Amino acid sequence: MDYKRLADLLFPNELKSPREYEEIYPKRNLPEGATVTRIGPSPTGFIHLGNLYNALIGERLSAQSGGVFFLRIEDTDSKRYVEGAVDVILSSMKFFGIEFDEGATVDGDNGSYGPYRQSLRKEIYHTFARELVLSGKAYPCFCGEDELEAMRNEQMAGKLNFGYYGKWAKCRDLSYEEIEAKIKNGEPYVLRFRSEGDENNRVEVFDGIRGTLSLQENYQDFVLLKSDGIPTYHFAHVVDDHLMRTTHVVRGEEWLSTLPIHVQLFDTLGWERPIYCHTAVLMKMDGETKRKLSKRKDPELALEYYRKEGYLPSCVTEYLMTVLNSNFEEWRAENPTAPIDDFKFTLEKMSNSGALFDLAKFDDVSREVLLRTPAEEIYEKLAEWAREYDPEFFKIFTADRDFSIKAISVGRSGDRPRKDLVNMSQARDFLSFYYRGTFKIEDEFPQNTDADMRREIISRYLDTLDFGDDKTAWFAKVRVIADDLGFALQPKKYKKNPELYNGSISDVSNVIRVALVGRTNSPDLWEISQVLGEDETRARLAKAAEL
RNA sequence: GGCUCCUUGGUCAAGCGGUUAAGACUCCGGCCUCUCACGCCGGCUACAGGGGUUCGAAUCCCCUAGGAGUCACCA
């Protein structure tokens, strides 16, 4: 076979040479040990936790080593392209504090290793595809969908391995004349790789997370170029990551099975393989079994979910870090206020089994992060969140900034600060009792008290209430009321001899509590009263006495 | 079915041939002179199973089982 002739037939248009591309995209001039990483999302308009998870690893790796982290849009499948998806990717990443050194932007590229959209790199791929044809490593295949399906059925029936290989690779040895005739006849074709691999051979591949892997060599004649001339993921990945000088390919473990294809391609093109880092899939408990987080069943997979619920981006990254690196929590315990960037992230400490997404743990991390966040900042975040998701509350909440900040601050000072807030939508509900517009009696008054008793408690409380008191003086008065009205001063005493009392002091304070905040559970009443102010406090109590 | 990865308590996990097998979250008790939180103290619960190698195995090897991924002109 005259490969030169075949190459000219397949690629009639003028193309740059491989040499030229090597010069256009030279080795990067970076400090020793700098890593170049990237994420390569496809623009489907859906961006999920896994994307962020991998992005975070890449970003940490490159930022810590003085390397480069870039964004490449993998839009080789025109069927799945969604308008505006690039914008979604960029803004989602930005929301979580992930910045790119170079790559695709909303309206073009930033960086000298582009284009960063695969759909714009067709000629580059063709140059190297042509190169493979020239060396006899690639050939056109005219097998259509039906033929391939028939082949598959036959393989299934015979319990053979699926795929295009060996005797099944019908187009492997077509003559030049046959090919030319078919092409002139307008028959569509794909370009396949001519694999010289053997299914009994093994390849060793080093993985940055998993160590040395031993895999079955690829023996399939996989597709390089689809019939529209656009490359498959496999081919585009190899060409791009070589030319963009990627040093570490961070991606999900679903790529492990096609890894032999990729290294085979790197090897036959004579290029140095990048260090692959295959991350574990995020799992979730579904009844008794674990399963992959699914787009349809699990809203928490979509990054949008965290925005809607009002989780702070820093909470999500903080949680992801605890899942990513086993020593992160330990580090955080020792450095409670240090910025997350100070943590030295390492691939060695990464787990290679599927991490379960644990919402309880995530909420705990969020509480912790929110506690470290200044009240002013929470105010800003909550306002920002409410403006988008609850405009009514936004008005109420932002009407008096100082008041709202005071409300947020309740219980957060001292040796044992409360961790009341988890996310912004929960914070809105939690804080709602501070505002006239959202305050309502949600819980029942204590069962030990009837309406008369409640009126009595409230009226006495109102009589003795003095906003000049400190907390101790205030509570002493509550005790007096409780004692006078026959309530045990210690809940234990009441528990032991319920017949001797009307209830315990907790019933008394809960009457006041429900009157004041509308619920039986709340932070310290005295502090809340201080925030509400004397007028509002008295008004609420007076109104409750009428119930 | 082929290929591949993974397997320490309910969950996340330390552990790299000798440990009373850490820690965190959850759950359950108890304590903190008002609830709820917070905090503190305590508790439940684990090396998937079976064979080797070794004086000694959670750790090394093999087999089995379970879970997961993948087998497209999708990424």
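Bear in mind the structure is a predicted one, so any value in this text is a computation, not a measurement. Chain letters run A, B, ... following the sequence lines, proteins first, then strands; residues in each count from 1.
A:Arg192 comes within 4.0 angstrom of sugar-phosphate atoms only, judged by non-hydrogen atoms across all strands, and of no base. Residue A:Val223 is classed as a sugar-phosphate contact, given heavy-atom separations below 4.0 Å to backbone atoms only. Counting any heavy atom pair closer than 4.0 Å across all strands shown, A:Asp524 reaches a base atom. Among the heavy atoms of the strands lying under 4.0 Å from A:Ser227 is at least one base atom, whether or not backbone atoms are also near. Base engagement by A:Phe475 is indicated by at least one non-hydrogen atom pair under 4.0 Å involving a base atom. Among the heavy atoms of the strands lying under 4.0 Å from A:Ser214 are primed sugar atoms or P, OP1, OP2 only; no base atom is included. Using a 4.0 Å heavy-atom distance criterion, A:Thr520 is classed as a base contact. Residue contacts for A:Thr76: at a heavy-atom cut-off of 4.0 Å it reaches the sugar-phosphate backbone alone, with no base atom in range. Counting non-hydrogen atoms under 4.0 angstrom, A:Arg412 reaches nothing in the nucleic acid.
When both distances must be under 3.5 Å, the Watson-Crick or G-U wobble mate of B:rA21 does not exist. Base pairing analysis places B:rG66 opposite B:rC6; the two distances defining the Watson-Crick or G-U wobble pair are each below 3.5 Å. Base pairing annotation: B:rC73 forms no Watson-Crick or G-U wobble pair, as no partner gives both donor-acceptor distances under 3.5 Å. Base pairing analysis places B:rC60 opposite B:rG52; the two distances defining the Watson-Crick or G-U wobble pair are each below 3.5 Å. Nucleotide B:rG29 forms a Watson-Crick or G-U wobble pair with B:rC41, both donor-acceptor distances falling under 3.5 Å.
Between A:Glu204 atom CD and B:rC5 atom P there is a gap of 11 Å when expressed in whole angstrom units. Put simply, CH2 on A:Trp331 is 18 Å from P on B:rA24, counting in whole angstrom units. Separating the OH atom of A:Tyr164 from the P atom of B:rC73 is a distance of 11 Å, rounded to the nearest angstrom. For A:Arg519 and B:rU35, the CZ to C1' distance is 13 Å, given to the nearest whole Å. Going from atom CH2 of A:Trp255 over to atom P of B:rA72 covers 13 Å, rounded to whole Å. Rounded to a whole Å, the OH atom of A:Tyr494 is 15 Å from the C1' atom of B:rU35. Note: CZ (A:Phe433) to P (B:rC36) measures 16 Å, nearest angstrom. Going from atom CD of A:Glu368 over to atom P of B:rU26 covers 10 Å, rounded to whole Å.
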Test salt bridge (charged side-chain N to carboxylate O under 4.0 Å, His left out) applied to A:Lys349 and A:Glu330, step by step: CA-CA 13 Å; A:Lys349 284 285 178 186; A:Glu330 199 180 313; over 6 Å; no

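Comparing the C1' positions of B:rC47 and B:rG66 gives a spacing of 16 Å, expressed to the nearest Å. B:rC27 and B:rU11: their P atoms are spaced 15 Å apart (whole Å). Taking atom C1' in both B:rC44 and B:rC60, the straight-line distance is 33 Å, to the nearest Å. Between B:rG17 and B:rU54, the distance separating the two C1' atoms is 9 Å to the nearest Å. Remark: the separation of the C1' atoms in B:rA58 and B:rC73 is 47 Å, to the nearest Å. For the C1' atom pair drawn from B:rU35 and B:rC41, the interatomic distance equals 22 Å after rounding to whole Å. Taking the C1' atoms as reference points, B:rC55 lies 36 Å from B:rC12, given to the whole Å. B:rC61 and B:rU7 have their P atoms separated by 12 Å, given to the nearest Å.
OP1 or OP2 of B:rC12 has not a single side-chain nitrogen or oxygen of A:Lys349 nearer than 4.0 Å. Under 4.0 angstrom from either OP1 or OP2 of B:rA13 there lies no side-chain N or O belonging to A:Lys361. Taking side-chain N and O atoms only, A:Thr322 has no distance below 4.0 Å to OP1 or OP2 of B:rA13. Contact annotation: A:Arg202 reaches the phosphate of B:rU4 (side-chain N/O to OP1 or OP2, under 4.0 Å). Applying the 4.0 Å criterion to OP1 and OP2 of B:rG39, one finds that A:Lys419 has a side-chain N or O inside that range. In this model, the phosphate group of B:rC38 is not approached by any side-chain N or O of A:Arg367 to a distance below 4.0 Å at OP1 or OP2.
Closest to the A:Asn510 side chain, of the nucleotides B:rG1, B:rA75, B:rU35, is B:rU35. Here B:rC34 is the nucleotide among B:rC5, B:rC34, B:rA37 with the atom lying nearest to any side-chain atom of A:Pro491. Ranking B:rG69, B:rC74, B:rC5 by closeness to the A:Ser257 side chain, first place goes to B:rG69. Comparing B:rU33, B:rC3, B:rC31 against the side chain of A:Gln490 picks out B:rU33 as the nearest. Residue A:Asp364 places its side chain closer to B:rU26 than to any other of B:rA75, B:rU26, B:rC5. Distance from the side chain of A:Glu254 is smallest to B:rG69 among B:rC34, B:rC73, B:rG69. For A:Gln216, whose side chain is taken as the heavy atoms from C-beta onward, the closest listed nucleotide among B:rC3, B:rC74, B:rA24 is B:rC3. For A:Thr232, taking side-chain heavy atoms from C-beta onward, the closest of the listed nucleotides B:rC73, B:rC34, B:rC5 is B:rC73.
Side-chain atoms of A:Ser509 and base atoms of B:rC34 include a donor and an acceptor less than 3.5 Å apart. Side-chain to base pairing of A:Arg416 with B:rC40: no donor and acceptor N or O lie closer than 3.5 Å to each other. Scanning atom types as modelled, one donor and one acceptor separated by under 3.5 angstrom connect the side chain of A:Arg418 and the base of B:rC36.
Two rings, from A:Tyr319 and A:Tyr306, have their centers 6.0 Å or more apart. Ring pair A:Phe433/A:Phe439: centre-to-centre distance not below 6.0 Å. For an aromatic pair to be called close, the ring centres must be under 6.0 Å apart, and A:His262 with A:Phe222 fails this. Aromatic rings from A:Trp474 and A:Phe467 are positioned such that their centres are separated by 6.0 Å or more. For A:Phe328 and A:Phe343, the distance between ring centers is under 6.0 angstrom. Taking the six-membered ring for Trp and the full ring otherwise, A:Tyr276 and A:His237 have centroids separated by under 6.0 Å.
Cation-pi geometry between A:Arg130 and A:Phe11 is not met at under 6.0 angstrom from the ring centre and within 45 degrees of the axis.
Annotation: side chain of A:Asp221 is in contact with side chain of A:Tyr139 (closest heavy-atom distance under 4.5 Å).
Residue A:Ser506 is the one, among A:Asp415 and A:Ser506, whose nearest nucleotide of RNA chain B lies closer to the 5' end (criterion: closest heavy atom). Judged by closest nucleotide on RNA chain B, A:Ala360 is the one of A:Cys143 and A:Ala360 placed further toward the 5' end.
Test A:Arg251, A:Glu253, A:Arg210, A:Glu254 against A:His278 for side chain to side chain donor-acceptor pair (under 3.5 Å) and you get one pass: A:Arg251.
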